[in-house]
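Remember, it's 1-based here, ligands and their atoms both numbered in the order they're listed. The first residue in the sequence is number 1, and the count goes up from there.
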Amino acid sequence: MAKLLNIYSRGYVGARNKFQHILAVDRVAFRVCRRNLEGTAALSPKLQTFVEKNVALCQPEKVHICDGSEAENDKLISVMVKLGTLEPLPKYKNCWLALTDPRDVARVESRTYMSTDNKRDTVPAGSAAKNTLGNWISPDDLNKAVQERFPGCMKGRTMYVVPFSMGPIGSPLAKLGVELTDSPYVAASMRIMTRMGAPVLQAIQNGSDFVKCLHSVGRSTEPNNPWPCEPDRTIIAHKAATNEIISYGSGYGGNSLLGKKCLALRIGSTIAKREGWLAEHMLILGITNPKGVKKYIAAAFPSACGKTNLAMLTPSLPGYKVECVGDDIAWMKFDSQGRLRAINPENGFFGVAPGTSYSTNPNAMKTIFENTVFTNVAKTSDGGVYWEGMEPNPNVQVTDWRGQPWTPDCGRNAAHPNSRFCSPANQCPIIDPAWESPEGVPIDAILFGGRRPQGVPLIYESFDWKHGVFVGAAMRSEATAAAEHKGKVIMHDPFAMRPFFGYNFGNYLDHWLSLEKTPGRKMPKIFHVNWFRKSDQGKFLWPGFGENVRVLEWVLNRLDGNESMAEKTAIGYIPSDGAINLDGLDEPIDTKQLFSVPKDFWLNEVEQIGKYFDEQVGSDLPNTIAEQLHQLRDRVNSM
Ligand code: OXD
Ligand code: MN
């Protein structure tokens with residue numbers, strides 16, 4: 001209690017009635033805590049201090065320590081149904097629909113910050129007035145922002161204490177977090193997306209450290225608002241030095257489920273740099289060829305480029321099997337044998353709904369109609385869901401995500417383009433048997449990719465590790481609906497990490513380059529893929545989806561060292577004539593266009609990449625990467 005008094009008297013000198021209120025909350029908190037944790041762990045002193053400090057700051061009416069049980073989840077759901085945050089979808093088992101405030105529908109990159117003492121630790125030294133590779137806030141300004149927002153922000157609400165593990169509990173690659181949130185939607189979603197509850201509290205009690213996450217949807221003037229938020233005052237901030245995340249004003253996805261982008265990527269990448277491993281925006285899949293040989297591949301694509309579809313691919317070629325380890329994030333570390341090992345730190349899929357269908361991703365469709373929270377999709381009169389790309393049923397009425405009657409010809413989207421399903425990963429019919437293996441799966445290849453309608457071949461292979469790191473640094477893609485960008489502009493998105501870097505991108509490149517310096521390591525081969533190249537008439541040149549296994553087959557052949565299957569070009573190795581199996585495809589493939597490396601396009605590409613490096617990275621760009629760019633320019637010039 002003395003500690004609480006201390007915090008109180010620093011924060012609220014003179015307001016005695018507030019102190020009384022906090023004591024009352026404190027008593028409730030620890031009554032709830034004791035009841036919930038009977039027979040399991042108590043709070044560790046560090047966790048107790050963290051909770052007390054933020055109870056004093058946010059002044060919730062109640063505190064609930066989450067144990068992750070079924071009964072607790074039922075309670076959370078019924079609270080949300082009562083409030084109107086969720087409605088049941090009786091067509092499916094244990095599925096729910098959330099419709100957000102229409103102003104709170106995506107990650108808000110412009111309000112997402114890293115806070116470091118030195119700006120340069122976050123933002124590279126590029127010449128541009130606006131750096132897009134790091135958004136920095138000074139510790140003082142962050143403090144001020146917290147003091148302007150958090151005091152009393154949870155009044156009238158319950159603070160949920162959500163203990164979670166990113167990665168299988170006990171894995172040497174896993175990290176723990178505790179999120180304090182006033183959103184039952186967040187607590188219930190964290191139970192799907194992470195390993196959440198009593199075993200994590202126990203691990204913390206046993207001495208494991210945790211990342212401190214504080215989240216509030218913001219102050220609400222309407223007491224019964226089903227989706228409170230404060231879009232004008234939203235801030236998502238990370239303090240890497242102290243492993244802290246602070247998020248205010250949004251209840252949506254990556255802004256509020258703090259284990260995902262905030263911990264697993266931004267804070268994760270800073271920890272990974274310190275500890276010598278990688279935290280990346282990558283899916284992980286296992287692929288077995290007809291001879292029964294299995295390899296694992298990690299792949300980085302910007303948001304909404306079909307990552308979930310690739311992670312759950314149904315191969316069109318006979319004898320191939322693909323299994324899914326994860327669809328969004330990979331934590332990877334070299335083991336003592338020099339193999340790169342990867343875990344999926346998540347426990348669920350937070351996938352983009354529109355475009356997901358039995359034809360594009362049957363495995364996702366078999367995953368998501370049980371125990372799922374859908375957000376901002378349309379609903380149907382038979383108690384189901386609907387979104388763009390799903391096979392429509394003419395016998396049911398559709399209500400769009402804004403609650404308006406919807407018909408296919410009404411000119412509006414039924415579902416928000418960034419609407420989501422949030423489903424447990426273990427429901428995926430092709431989940432890999434090793435997806436929870438504590439030591440992780442061995443990675444043999446890394447794919448980078450993007451949505452490039454022009455100029456970029458279906459696949460090319462880098463010459464070596466350094467060139468591969470350059471290929472990742474030079475990634476570009478069409479903009480996505482997952483963030484607040486508009487239009488189909490081609491954006492630079494190095495390593496598909498632009499919104500997720502936790503530290504200076506120049507240092508990040510140094511870190512990647514340094515990995516091959518330890519002797520005895522088996523470095524994965526690095527490739528670049530583009531499923532989205534279009535003909536001059538605007539038609540996709542490659543069918544994509546299940547047919548992408550034909551491209552993965554070439555990757556496997558190259559991993560086996562098959563020299564005759566590749567041809568050297570200015571940008572890397574491309575498949576030689578006939579090396580990609582096209583047997584049985586419905587339509588003829590214009591391989592000439594699909595694999596062409598147009599000189600003018602690539603001269604411009606080199607120009608754009610150079611400009612980007614100058615403007616965004618400046619003197620922080622490692623010499624090795626600058627040399628790679630020069631070499632590419634020379635090779636393209638001599639085409
Ligand atoms: C995501 C994203 O939600 O990358 O996975 O935006
Ligand atoms: Mn993602």
- Would you mind counting protein N, O or S atoms that sit less than 2.8 Å from the Mn ion (ligand 2)? 3

- Query: Between E388 and R412, is there a salt bridge with N-O shorter than 4.0 Å?
  - Reply: no

Would you mind writing out the side-chain donor-acceptor pairs for residues 424-431 within the sub-3.5 Å range, not counting sequence neighbours?
residue: Q427; atom: OE1; partner: N371; partner atom: ND2; Å: 2.6
residue: Q427; atom: NE2; partner: T367; partner atom: O; Å: 2.8
residue: Q427; atom: NE2; partner: E370; partner atom: O; Å: 2.9

- Note on the structure: Judged by heavy atoms only, the candidate from E346, R107, R420 nearest atom 3 (O) of ligand 1 is R420

- Stepwise ring pair (Phe, Tyr, Trp, His ring centres under 6.0 Å) check, W512 with F495: CA-CA 11 Å; W512 265 77; F495 291 78; 4.9 Å; yes

- Task: Run the numbers for me: atoms of ligand 1, each under 4.0 Å from some heavy atom of D328, listed by number.
- Result: 5 (O)

- Message: Using the side-chain contact (heavy atoms from CB on, under 4.5 Å) criterion, which residues pair with V123? Sequence neighbours excluded.
- Response: K119, N131, W136

- Message: I'd like to check whether K260 has a polar contact with ligand 1, where a contact means an N/O of the residue lying under 3.5 Å from an N/O of the ligand.
- Response: no

- Task: For L552 and I297, run side-chain contact (heavy atoms from CB on, under 4.5 Å): C-alpha distance rounded to whole Å, both residues' side-chain angles, the deciding distance at 0.1 Å, then the answer.
- Result: CA-CA 9 Å; L552 300 185; I297 296 174; 4.3 Å; yes

- Message: Test of understanding: with side-chain contact (heavy atoms from CB on, under 4.5 Å), list the residues that count as partners of K294, not counting sequence neighbours.
- Response: T288, Y296, E323, D432, P433

- Flag the pair E230 and R149 as a salt bridge only when some basic side-chain nitrogen lies within less than 4.0 angstrom of an acidic carboxylate oxygen. no

- Task: Would you sort out whether F349 and F421 count as a ring pair (Phe, Tyr, Trp, His ring centres under 6.0 Å), showing the intermediate values?
- Result: CA-CA 7 Å; F349 304 118; F421 51 81; 7.6 Å; no

- Between H281 and ligand 1, which residue portion shows a heavy-atom distance shorter than 4.0 Å: side chain, backbone, both, or neither? side chain

- Query: Under 4.0 Å from ligand 1, counting heavy atoms only, is it the side chain of M497, its backbone, both or neither?
  - Reply: neither

